[in-house]
Amino acid sequence: MATPFVAAAGVAMVALVAVHGAIFLTLRLPAADAAPLARAARRLVAVALAAVALATVAGGLSDRVRAATQRPLFAVLLPFVLVAALLAARSALARRRSGVAFAATSAALALPVTLVGASLWPYALISTADPAASLTVTGGAASGPTLALLGWLTVPLLPALLGFQAMCWWVFRGRTDGRAPVYW
């Protein structure tokens, strides 16, 4: 259902992704093109901060969000951590440390998921129609035999996936210029 909180949370996520993408481009583009983009990314951080603040206020004012929150301490503390990550990214951009800024916005993008999960625990999904029909984490977990099968499949696949990821990071490291490989 569309509510002001849902709209504000969506805008906040779009702003976070825009900041993260702009900072990624400052790492990948040639240095001459990265400087103006870093300035734009700093401005986008301000937009993301405003969007996060708006979503936090909308969530605090929403009766549904307050009713669904099982652990209000996390719902209050984690937005401050998100703001701190965005401020760290802005500070790193000002010092021309795009790698640190990228790591900070990576954390900022992971924090909303952490926020929702920690605030709703022990529930995975809360039913708005019938609270007794809410899905708990235990109820949504895979069975023992399924986890055993997945565990055995992980043994050969995980090293291959990690090796492929490391190879991609190595091949596509650095800025895109005439000497560096680029994505097709």
Side-chain angles (χ1 to χ4, degrees), residues 1-29 33-142 183:
M1 173 177 267
T3 64
F5 170 68
V6 171
V11 168
M13 287 305 298
V14 168
L16 288 171
V17 170
V19 169
H20 188 65
I23 292 173
F24 175 77
L25 289 175
T26 65
L27 287 170
R28 293 290 293 155
L29 290 177
D33 298 332
L37 195 56
R39 287 190 298 277
R42 281 196 304 272
R43 286 190 296 271
L44 283 172
V45 169
V47 172
L49 284 167
V52 166
L54 178 67
T56 302
V57 169
L61 295 175
S62 170
D63 293 335
R64 284 187 174 178
V65 172
R66 285 195 319 269
T69 300
Q70 304 297 310
R71 297 181 177 201
L73 179 65
F74 289 107
V76 171
L77 291 180
L78 285 175
F80 286 110
V81 177
L82 177 56
V83 167
L86 287 172
L87 291 174
R90 186 177 173 101
S91 173
L93 283 171
R95 292 176 305 183
R96 293 184 170 84
R97 303 281 315 257
S98 295
V100 173
F102 184 74
T105 57
S106 296
L109 277 172
L111 280 166
V113 175
T114 307
L115 169 67
V116 171
S119 298
L120 295 181
W121 186 268
Y123 293 100
L125 294 171
I126 296 181
S127 173
T128 56
D130 180 16
S134 296
L135 178 67
T136 64
V137 172
T138 306
Y183 292 98

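Closest of all the heavy-atom pairs between Leu82 and Ala108 is CD1-O, 3.2 Å. When every heavy atom of Phe74 is checked against every heavy atom of Pro79, the shortest pair comes out as O-CD, 4.0 Å. Nearest heavy-atom pair across Ser98 and Leu27 is CB-CD2, 3.5 Å. The shortest heavy-atom contact between Ala22 and Leu37 is O-CD2, 3.7 Å. Scanning all heavy atoms of the two residues, the minimum distance from Ala101 to Ala92 falls at N-CB, 3.6 Å. Taking both residues in full, the closest heavy atoms of Ala48 and Ala15 are given as CA-CB, 3.7 Å, listed atom of the first, atom of the second, then distance.
Residues satisfying the side-chain hydrogen bond (donor to acceptor under 3.5 Å, both in side chains) test with Arg97, not counting sequence neighbours, are none. Not a single side-chain hydrogen bond (donor to acceptor under 3.5 Å, both in side chains) links Thr56 to another residue, sequence neighbours left out. Considering only residues two or more places apart in sequence or on other chains, Leu109 meets the side chain to side chain contact (heavy atoms under 4.5 Å, CB included) condition with Met13, Leu16, Val17, His20. When the side chain to side chain contact (heavy atoms under 4.5 Å, CB included) test is applied to Ala75, the partners found at least two apart in sequence or on another chain are Thr69, Ser119. A search for side-chain hydrogen bond (donor to acceptor under 3.5 Å, both in side chains) contacts involving Asp63 returns Arg66, not counting sequence neighbours. Residues passing the side chain to side chain contact (heavy atoms under 4.5 Å, CB included) test with Ile126 are Ala68, Gln70, Leu120, Tyr123, Ser134, sequence neighbours excluded.
At least one donor-acceptor pair closer than 3.5 Å links the side chain of Arg90 to the backbone N or O of Arg42. A donor-acceptor distance shorter than 3.5 angstrom exists from the side chain of Thr26 to the backbone of Ile23, with no hydrogens or angles considered.
Separating the CG atom in Leu61 from the OG1 atom in Thr3 is a distance of 11.5 Å, to the nearest 0.5 Å. Atom OG1 of Thr105 and atom CG of Leu44 lie 11.0 Å apart (nearest 0.5 Å).
Val19 places none of its side-chain heavy atoms less than 4.5 Å from the side chain of Val47. Side-chain contact between Leu111 and Val81 is present, with at least one heavy-atom pair separated by less than 4.5 Å.
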Could you please spell out the steps behind the side-chain contact (heavy atoms from CB on, under 4.5 Å) verdict for Leu86 and Val52?
-> CA-CA 10 Å; Leu86 287 172; Val52 166; 4.3 Å; yes
Before giving the answer on side-chain contact (heavy atoms from CB on, under 4.5 Å), spell out for Leu29 and Leu25 the whole-Å C-alpha distance, their side-chain angles and the decisive distance to 0.1 Å.
-> CA-CA 6 Å; Leu29 290 177; Leu25 289 175; 4.1 Å; yes
